[in-house]
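Let me begin by presenting the structure, written as structure tokens, before commenting on it.
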Amino acid sequence: MSLVVAGYGDSHVGSVRDTNEDALIVDGKWGLYAVLDGMGGASAGDVASTKARDVIHEYVRARRSALGPRQLLEAAINAASAAVHGEAQRRRDRRGMGTTVVACLIDGRRATVAHVGDSRAYLLRDGRMHRLTNDHTIVAELVARGAIQPDEADRHAYKNVLSRNLGAKATAAVDINEIELQAGDRLMLCSDGLYGYAASEAMHQLIASTDPAADVVRDLIDAALRGGGGDNVTAILIDAGTQLVPRATVVLRTSGAGAWWARRERLLAAARAHGIHRSPLCAVLAPDDAIALVAGNFADAVYHDLEKATSVNVWSFAENLAVGWLGQGGAWLALRELLDGLGRSADTVIGELRAEDPALAALIEAALARALVTAETAVGGVLAQRLRTVEAELVRHDAARARQPAEVTAKFIDHPTVPYMRAVDAPTEAPGPDVQHLLEGARRRALGRPAATSDRALFTRALEHAHRVATAATDGGDAALAARELFDVRSLDEAGVTPLFDALDAARAAHVDAVRAVPGAAGGKVAALRRLTAAYQQLSSTIASLVVESVAPTAEALREAAAATASLRAQVTKNERRVADLERKFATIIDDGLPAGMRFDLGLDPPARPRDPSKPPPLPRRRPSKETLR
Amino acid sequence: MSGVPSYVAAFEQLRPQILARLIEVRGSLDHAIARLSADEARGMFDAVLHALATLLVTGDHTLHRGFLHSFVAVRSTEGVGPDHAQRLLVAIADTAATLARAQHPNDPTVALAINHAARLTARMINDGIAEELERRTAQLPAAAGGRR
């Protein structure tokens with residue numbers, strides 16, 4: 001049985017650009033939906049996306065009955081690529097224009113999704129959002145190859161550089177997915193102006209809401225504009241069948257939202273009773289203003305989220321609070337207490353409601369608990385972003401310090417050190433009391449001796465961490481944690497890494513000597529030594545992995561850049577030869593229209609001589625124009 | 001099980017279903033998880049569900065904090081930041097809560113308990129990130145002055 005499918009789409013120029021180079025198709029009759037994002041100088045991006053849109057639409061309408069959905073979409077997109085490519089070849093001002101496309105063709109319950117470039121398709125099913133497309137960008141390909149980590153992709157300088165588009169060639173490599181739709185599914189097609197500026201959490205919350213498609217599309221575009229709106233924004237939302245809204249959600253959206261709104265003043269009073277206005281975040285505000293601003297906005301955000309069955313408003317509220325407070329150097333503890341105060345104020349209101357309507361109170365309590373989780377994750381994102389910024393700053397300082405040659409001692413690879421990058425057979429049980437006692441004695445003894453390394457602090461930390469790993473019942477987590485802490489923030493060169501391995505080596509030697517020296521049974525000492533060896537090996541191995549993982553993206557990027565440079569050099573050389581050949585060819589054509597006596601030296605090149613490879617290739621000699629001759 | 005709240009037993013009963021559901025939808029939970037095989041994902045999800053169950057049974061914050069500390073550290077060696085790890089844990093709890101609501105439509109306590117555990121989890125990770133941020137920020141003046 002087929003589903004009733006309905007879609008809605010909209011596009012916005014954004015907050016920065018003057019023209020909208022996005023285009024879209026929403027054709028319920030033919031089950032065709034598409035988003036296209038044009039690119040190219042002047043107005044060429046607009047031309048590319050519009051032309052491709054028209055070709056795809058026309059192609060599907062003309063051949064809908066002749067081809068299956070998969071073949072039809074692939075052929076339509078290729079026809080569009082040929083048309084855009086041809087136009088770009090014909091007109092000099094449109095050279096290099098192109099467009100992305102993500103298109104969906106719905107036939108009964110089957111949805112066929114095709115894409116080229118970085119416009120995306122998402123599927124919302126059972127409350128979870130699945131991405132159906134992989135971006136055709138250089139960065140996405142590096143991630144797929146494991147050359148860079150997914151986390152880095154979002155921050156990569158070339159994250160928007162496409163590896164495929166429509167128009168670069170007459171044919172395009174199209175990726176196609178087919179999915180069987182279920183009642184209640186939601187499909188979303190969008191350009192990078194949406195997901196690049198609206199947070200993925202907000203997108204998820206909005207799409208998962210039970211609002212009509214038109215409202216959700218409007219809210220999605222608003223979210224992107226609030227996020228900066230640096231690009232054209234286009235989104236299409238397609239509902240498959242009637243969305244089954246749980247009864248509890250319907251009750252929450254109506255009675256729940258109404259009950260909450262009716263108790264808004266009560267919440268503000270509870271917030272005052274819990275001292276929200278005394279929070280350091282409200283220091284510059286009068287008490288009434290503080291309550292109205294913080295608790296009032298929280299109450300409004302919860303109300304709107306209840307009404308829409310989403311969490312996006314609480315998420316935005318918490319994120320704005322965190323960005324504002326942490327951005328001016330505010331402490332986490334104050335923000336933490338404020339969030340707790342708001343949670344307690346909401347509990348007060350729910351407690352009062354429970355006496356009147358226990359069932360409704362339980363529903364609101366569950367929704368609020370979820371909203372507060374959302375608030376924590378929104379704050380977590382801001383905190384983590386600040387941490388990344390500070391770590392980057394530390395690494396920059398460390399790298400600057402490491403560039404001072406006097407501080408570089410020797411290459412760590414020349415030193416005898418513990419074997420690393422090997423699988424470790426670590427004991428999984430905690431040591432017995434006798435071994436624990438031996439290890440504790442060895443730790444104290446080793447710490448009391450002079451370190452065979454210049455960095456005493458690092459030596460002590462290495463020894464303490466190794467002791468912690470050796471005395472724990474390990475599943476690898478302790479070692480990973482200890483290695484991460486030891487690795488700390490450091491530049492990835494000899495000056496940054498050498499002292500760490502030196503300290504580990506010195507600590508291991510001191511630790512082992514100390515075990516031998518402390519009094520105890522031979523059996524216990526053997527067990528203690530085994531644990532210590534495993535601990536140091538785990539630490540070294542994990543740290544070495546961290547080094548390798550950190551360096552790998554850079555090394556891979558360098559290799560890629562070297563290969564690309566070589567290829568470009570070859571291309572330039574080839575083009576230069578072609579230009580020289582063409583100049584020579586056209587220079588031999590004598591213009592018969594010139595009056596007698598005005599024929600000029602044709603400037604034919606002298607016989608070719610071998611070129612000095614160390615010098616740049618000579619510029620081709622150009623034929624003087626007619627205007628010059630006059 | 002006397003003295004243990006009923007939602008704990010209900011959560012334990014649901015665990016196999018939650019695990020199966022998590023493996024099924026792992027592609028939508030986090031980009032790092034999407035790359036894992038079913039067996040690898042099963043091991044990780046099982047450890048998280050075990051930690052959630054322990055938290056529900058014992059209410060021991062120290063134990064849970066220790067698990068989260070290790071979890072975030074191990075994820076960091078896989079190139080996953082603490083905020084992504086936090087979202088992953090919340091997504092796991094969300095999946096569990098959704099299933100609990102579907103299985104126990106007349107008993108909201110199971111889903112509510114899972115939501116509270118998720119909030120505590122998210123809060124503890126925020127505490128960890130903030131602690132790390134404070135430590136790193138304190139290192140900045142020395143680093144800027146050229147001392148390690």
Side-chain angles (χ1 to χ4, degrees), chain A residues 125-131 143 148-152 201 246 248 331-333 336 339 343 362-363 365-366 369-370 372-374 376-377 379-381 383-388 390-391 393-394 397-398 400-401 404 455 457-458 475-478 480-481 483-485 489-490 499 542 545-546 549, chain B residues 25 27-32 34-35 47 66-67 69-74 76-84 86-87 90-91 93-95 97-98 101-102 105 108-109 111-112 115-116 118-119 121-123 125-127 129-134 136-137 139-140 142-148:
Chain A
R125 176 172 289 173
D126 299 335
R128 301 230 66 84
M129 200 156 84
H130 309 256
R131 203 167 115 196
V143 172
I148 62 171
Q149 296 292 345
D151 265 14
E152 296 169 53
E201 182 86 6
W332 156 241
L333 271 185
R336 189 184 196 273
L339 291 174
L363 283 176
E365 186 181 14
R370 183 65 192 82
L372 291 171
V373 175
T374 303
E376 290 292 336
T377 52
V379 173
L383 279 168
Q385 186 53 45
R386 290 192 60 77
L387 178 60
R388 280 192 278 271
V390 172
E391 283 184 339
E393 180 80 350
L394 282 169
H397 288 311
D398 197 64
R401 192 190 62 80
Q404 297 166 9
D455 196 336
L458 198 53
D475 58 353
D478 287 290
L481 188 61
R484 191 78 189 84
E485 285 176 8
V489 173
R490 57 188 64 248
T542 312
S545 301
L546 283 170
E549 278 181 25
Chain B
V25 300
S28 69
L29 292 177
D30 190 275
H31 50 60
R35 291 182 298 170
F67 164 75
H69 212 165
S70 294
F71 184 86
V72 171
V74 171
S76 81
T77 62
E78 294 166 357
V80 176
D83 47 342
H84 278 91
Q86 183 188 51
R87 278 181 220 159
V90 168
D94 269 352
T95 308
T98 306
R101 267 194 298 275
T109 56
L112 194 59
N115 270 339
H116 283 316
R119 185 183 169 198
T121 299
R123 166 58 60 85
I125 292 180
N126 280 350
D127 284 342
I129 304 174
E131 194 181 306
E132 183 81 351
L133 177 61
E134 195 179 340
R136 297 280 187 233
T137 308
Q139 289 173 353
L140 269 177
R147 288 175 287 119
R148 185 181 285 278

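Proteins come first, then strands; the chains are lettered A, B, ... in the order of their sequence lines, and each starts at number 1.
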Please test B:Leu140 against A:His397 for side-chain contact (heavy atoms from CB on, under 4.5 Å), starting from the C-alpha separation and ending with a verdict. CA-CA 8 Å; B:Leu140 269 177; A:His397 288 311; 4.1 Å; yes

Could you look at A:Arg484 and say if it's the side chain, the backbone, both or neither that has a heavy atom under 4.5 Å from chain B? side chain

B:Gln86 vs A:Val379 side-chain heavy atoms within contact, under 4.5 Å: no

Chain B heavy atoms under 4.5 Å from A:Glu485: which part of the residue, side chain, backbone, both or neither? side chain

Less than 4.5 Å to any heavy atom of chain A: does that hold for the side chain of B:Ala91, its backbone, both, or neither? both

Would you confirm whether B:Asp83, through its side chain, and A:Thr377, through its main-chain N or O, come within 3.5 Å as a donor-acceptor pair? no

If you look at every heavy atom in A:Gly380 and B:Asn126, which pair is closest and at what distance? CA-OD1, 2.9 Å

With side-chain contact (heavy atoms from CB on, under 4.5 Å) as the test, would you mind laying out the steps for A:Trp332 and B:Ile129 before giving the verdict? CA-CA 10 Å; A:Trp332 156 241; B:Ile129 304 174; over 6 Å; no

Per-residue contact mode, A:Ala366 against chain B (heavy atom under 4.5 angstrom): both

In this structure, CG of A:Leu394 is separated from CD of B:Gln139 (nearest 0.5 Å) by 5.5 Å

Residue, of A:Arg125, A:Arg131, A:Glu365, that accumulates the most heavy atom pairs under 4.5 Å with chain B: A:Glu365

Chain A heavy atoms under 4.5 Å from B:Ala118: which part of the residue, side chain, backbone, both or neither? both

With heavy-atom distances below 4.5 Å as the criterion, would you say the side chains of A:Leu383 and B:Leu133 are in contact? yes

Using the rule given for side-chain contact (heavy atoms from CB on, under 4.5 Å), can you reason through A:Glu391 versus B:Glu132, listing the C-alpha separation, both sets of side-chain angles and the distance that settles it, and then say yes or no? CA-CA 10 Å; A:Glu391 283 184 339; B:Glu132 183 81 351; 4.2 Å; yes

Heavy-atom pairs under 4.5 Å with chain A: which of B:Glu134, B:Glu131, B:His69, B:His116 has the most? B:His69

Between B:Arg119, B:Arg101, B:Arg87, the one whose heavy-atom pairs under 4.5 Å with chain A are most numerous: B:Arg119

Could you tell me whether A:Arg128 and B:Asp94 make a salt bridge, using a distance below 4.0 angstrom between a side-chain N and a carboxylate O? no

Would you say the side chain of A:Arg336 lies within less than 4.5 Å of the side chain of B:Arg123, judging by non-hydrogen atoms? yes

With chain A, the option among B:Val90, B:Ile125, B:Thr109 that has the most non-hydrogen atom pairs under 4.5 Å is B:Val90

Heavy-atom contact with chain A under 4.5 Å, split by part of B:Leu112: side chain

